[in-house]
Peer 1: 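I'd like to ask some things about the structure below.
Because the structure is a prediction, the values reported are computed rather than measured. Here is how names work: the chains are called A, B, and so on, in the same order as the sequence lines, proteins then strands, and each is numbered from 1.
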Amino acid sequence: MSSFPGRMKEYSTISIDRFDKENLHARAYFLSHCHKDHMKGLKGPLLKRKLKFCLTVRLYCSIVTKELLLSNRKYAFWEEHIVALELDSPTHISLIDEVTGESEDVVVTLLPAGHCPGSVMFLFEGAQGTVLYTGDFRLAVGDAARMEHLHSGDRVKDIKSVYLDTTFYDPRFYQIPSREACLIGIKELIQDWISQSPYHVVWLNCKAAYGYEYLFTNLGEEFASQVHVNSLDMYRKMPEILSYVTTNRATQIHACRHPKDEELFRANRLPCGCTSPDGTPLRIISIKPSTMWFGERTRKTKVIVRMGGSSYRACFSFHSSYSEIKDFLSYICPVNIYPNVIPLARTVEEVTELLKPMCRKNSGRNEVVYKPLGMLKRARTEYPSQDEEGELLNSKPSVLPARHSSGDNPPTQSCLQSDKPCSEMVTPHSHSDPPSPKKAPPTWATFFKAEPVLTDESSELDNSQSSQALSTYHTTSQSPELFDEDDESESVHMTSSQSTHISDGGTETPSQLDTVPVQAELDSAAQSSKQNKIQTNQKPENDPHRPIEKEPAVRKDQSEGTDCTEAMSDSQVSSDFDLPQTPGSKAPHNDELKELYKKLASGEEVPKTIITATTKTSLSPFLLFFQRPRMTGGKMSGSIDLH
DNA sequence: GCGATCAGCT
DNA sequence: CACAGCTGATCGC
């Protein structure tokens, strides 16, 4: 849970993710994502009153976050005061004190955070330096390198401070299986179950928070079905989610909720009360997404754990693991790091101490002095040749050429170096894209093609329709290979806020649980990405300004341990959806951007306008709900003068 | 009656 | 154990 007080040292006239107390006086507000612990005070009457008198105060957030926020009536009063910004679009904001008329300029850029739909990090650039507020994030190893706006031309930006999601910044949480690996495990479990008969249904025991949509869309795609949820209201303008969820109970995959859903489940009932039309009892299993983590040297990781009876837990994390956070930090190498979260059983002092080695002055670099722009070049790296056997490891530089869409552009040529506009070079799913799971995640096209398998007319399970699943998918019992005993002595953990009640009898103690770890065959996740024989080293030797060159094929030892390559390989593939670029989006203007950076660097004034993102009702911005970081050029949107 | 806070629980 | 958030009790305005 975030304990960030709302204000950063460098830009103290703005408030982020906190809206109470001193934050009531802020000149501008920022919301990184739509989770309640980041919205404290946001519906408070004090703030509501302030908006009536303060004409220039705005709330800045992503387009998806705006949509989610306004879908809740309690926040409807924000409607006229929200400025929704597009991702990767540097936006100039004037921070005006309405009493004194005093003004400060800042340029903010939203970076995808991979935490939940609409979640972003905020990159602020201005007179007080470049500062990154991460909000909550789940980024994979190497993702920072894909973020254009963490770079200035060929260089990694010189970042003064990072306000960091430290939820799992603790060596205990060294490794968390990638999203892809978790998804594969969940898909296998579900398939093995629902293919047995139309009466075999799955209940995804998800908590009341955004972030599980990733599961719904992928499962909907995988099983050509829709997931039953309580409400579609919040997704009404997000077709890419909407097409995979339904309020029709006649489906084999449920994520519906009820105040007493656990109790109902123990009585073999779904939260929605759905039964089969002919009275045949449903066979229900519950899958509870839970965070699981593994030690530094754990080789195999199980992403599904059977809790006994028909309860399972599936690995699922909204936050980056320790090694993912370290990778992120070592890439951007900030001067200061401030924790936003204090992990359980730790103190601020302990976390601060753990973060010290990642700060620039302790990172082994010579340069300590903060400069607005880095001086060392970020070189381009050729994408390793594709090969079925190799593993893509720590491929920070190697992911860059994924943007090349045609043979016209030599693989070593970056977007920024190209004469062509970036938009021409950014083609999703190009042949040189980074490895993707065996089944492509939902894409732009499918959002419009997807036809609901089931109609809303029926509220009961329909045999003829459900039996499609039976004929489509091979019927197996729970395949033995899934249930690989945990032969590792290495600590393996999982958690859930859920009590450990067991469905049958509930007499077991945790140690007595019929715990059947399922080998997630992370290998199978990795296999889909084993396209590179060359293992590219990912670490820039703790120097963000050091030239990024082709890395040696063999990874050098890391301080962390002896066998982190395997762990890293998993993390490496954990990137999110690879969604297509928003159709119709403008071509980036790198020249314009560079000019802006130059001005910022020299302390020159930049125009006092507020550049807002489009508020068009087009559905395309919602594609960005889980956008994988990718190198795109910046673009400036239209501008509105506040005065 | 409403908001803030906390304990308990999922 | 841990994610996010609900419900209910209590207290103060």
Side-chain angles (χ1 to χ4, degrees), chain A residues 1-3 17-21 24 32-49 68 72 74 113-119 135-138 165-177 179 182 203-215 230-231 234 255-266 271 286-295 303 305 307 311 313-322 324-325 339-347 350-351 491-503 506 509-511 513:
Chain A
M1 291 287 187
S2 176
S3 58
D17 288 353
R18 279 293 288 270
F19 309 91
D20 58 350
K21 300 176 182 170
L24 285 164
S32 69
H33 64 287
C34 235
H35 277 169
K36 292 285 159 60
D37 57 323
H38 290 253
M39 296 161 67
K40 208 173 185 192
L42 193 57
K43 62 171 156 46
L46 293 173
L47 195 48
K48 195 169 180 176
R49 207 176 65 183
L68 295 178
N72 185 335
K74 289 172 182 167
H115 175 69
C116 71
S119 66
D136 286 350
F137 70 94
R138 174 85 200 262
D165 173 13
T166 43
T167 301
F168 292 132
Y169 193 74
D170 182 322
R172 291 181 69 180
F173 312 114
Y174 192 88
Q175 188 202 349
I176 296 171
R179 277 207 176 87
C182 296
W203 174 47
L204 301 170
N205 184 355
C206 301
K207 283 186 281 281
Y210 295 116
Y212 300 99
E213 291 77 8
Y214 168 81
L215 259 186
N230 284 19
S231 171
M234 60 290 262
C256 42
R257 298 178 53 248
H258 182 278
K260 301 193 170 180
D261 48 23
E262 304 269 350
E263 206 176 292
L264 285 163
F265 173 71
R266 286 192 288 275
S286 80
I287 303 176
K288 185 170 184 58
S290 313
T291 307
M292 296 178 193
W293 58 90
F294 303 90
V303 301
V305 175
M307 301 306 293
S311 292
R313 295 199 179 177
C315 182
F316 195 86
S317 179
F318 293 153
H319 299 269
S320 278
S321 66
Y322 180 71
E324 286 166 340
I325 298 170
N340 288 349
V341 183
I342 308 306
L344 196 87
R346 296 223 99 106
T347 63
E350 286 177 304
V351 182
S491 61
V492 171
H493 302 269
M494 41 159 249
T495 182
S496 165
S497 49
Q498 181 96 4
S499 77
T500 51
H501 291 134
I502 304 309
S503 57
T509 64
S511 61
L513 295 180

Peer 1: From the list C:dC3, B:dT10, C:dA2, which nucleotide is the closest neighbour of the side chain of A:Thr291?
Peer 2: C:dC3

Peer 1: Closest-nucleotide mapping onto DNA chain C: is A:Cys34 or A:Phe173 further toward the 5' terminus? I mean the 5' end.
Peer 2: A:Phe173

Peer 1: Hey, does A:Tyr210 reach any base, or is it just sugar-phosphate, or nothing, if we go heavy atoms under 4.0 Å?
Peer 2: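 It contacts nothing in the nucleic acid.
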
Peer 1: Look at the rings of A:Trp203 and A:Phe265 and say which category their plane angle falls in: under 30° parallel, 30 to 60° tilted, over 60° perpendicular.
Peer 2: tilted

Peer 1: Does A:His115 put a side-chain nitrogen or oxygen below 4.0 Å from OP1 or OP2 of C:dC3?
Peer 2: no

Peer 1: A:Lys43 NZ to B:dC2 C1': how many Å, rounded?
Peer 2: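 Going from NZ in A:Lys43 over to C1' in B:dC2 covers 11 Å.
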
Peer 1: Is the phosphate of C:dA4 approached by A:His319 (side-chain N or O, under 4.0 Å from OP1 or OP2)?
Peer 2: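 True: A:His319 side-chain N/O within range (under 4.0 Å) of C:dA4 OP1/OP2.
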
Peer 1: Using whole Å, report how far CG of A:Leu204 lies from P of C:dC3.
Peer 2: 21 Å

Peer 1: Taking NZ from A:Lys40 and P from B:dG3, how many angstroms apart are they, rounded to a whole number?
Peer 2: 15 Å

Peer 1: By the 4.0 Å heavy-atom rule, please label A:Asp136 as base, sugar-phosphate, or nothing.
Peer 2: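 Sugar-phosphate contact only.
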
Peer 1: Looking at C:dC6, C:dA2, C:dC3, which one has an atom nearest to any side-chain atom of A:Leu344?
Peer 2: C:dA2

Peer 1: Between C:dC3 atom P and A:Ile342 atom CD1, what is the distance in whole Å?
Peer 2: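 In whole Å, C:dC3 P lies 13 Å from A:Ile342 CD1.
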
Peer 1: Classify the ring geometry between A:Tyr169 and A:Tyr322 as parallel (under 30°), tilted (30 to 60°) or perpendicular (over 60°).
Peer 2: tilted

Peer 1: So, is A:Lys36 close to the C:dC6 phosphate, meaning a side-chain N or O under 4.0 Å from OP1 or OP2?
Peer 2: yes

Peer 1: Send over the distance from A:Asn205 CG to C:dA4 P, rounded to a whole Å.
Peer 2: 16 Å

Peer 1: If you assign A:Pro259 and A:His33 each to the DNA chain C nucleotide with the nearest heavy atom, which residue ends up on the more 5' nucleotide?
Peer 2: A:His33

Peer 1: Choose from C:dG5, B:dT5, C:dC3 the nucleotide whose nearest atom is closest to any side-chain atom of A:Asp37.
Peer 2: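 Nearest nucleotide to the side chain: C:dG5.
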
Peer 1: Output the rounded distance in Å from CE (A:Met1) to P (B:dC6).
Peer 2: 14 Å

Peer 1: Taking side chain as C-beta onward, heavy atoms only, is A:Pro343 less than 4.5 Å from A:Val351?
Peer 2: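 When only atoms from C-beta onward are counted, A:Val351 and A:Pro343 do touch, with a gap below 4.5 Å.
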
Peer 1: Check the distance between C:dC3's C1' and A:Ile176's CD1 and give it to me in whole angstrom.
Peer 2: 9 Å

Peer 1: Where the side chain of A:Arg172 is defined as all heavy atoms beyond and including C-beta, which of C:dC1, C:dA4, C:dC6 is the nearest nucleotide?
Peer 2: C:dC1

Peer 1: How would you list, by chain and number, every residue that makes a ring pair (Phe, Tyr, Trp, His ring centres under 6.0 Å) with A:Phe168, sequence neighbours excluded?
Peer 2: A:Phe173, A:His319

Peer 1: Short question: side chain of A:His33, backbone of A:Gly118 - any donor-acceptor pair under 3.5 Å?
Peer 2: no

Peer 1: Using the side-chain heavy atoms of A:His35, tell me which of these nucleotides is nearest: C:dC3, C:dA2, C:dA4.
Peer 2: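 Looking only at heavy atoms from C-beta outward on A:His35, the closest nucleotide is C:dA4.
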
Peer 1: Rounded to the nearest angstrom, tell me the gap between atom CG in A:Leu42 and atom C1' in C:dG5.
Peer 2: 16 Å

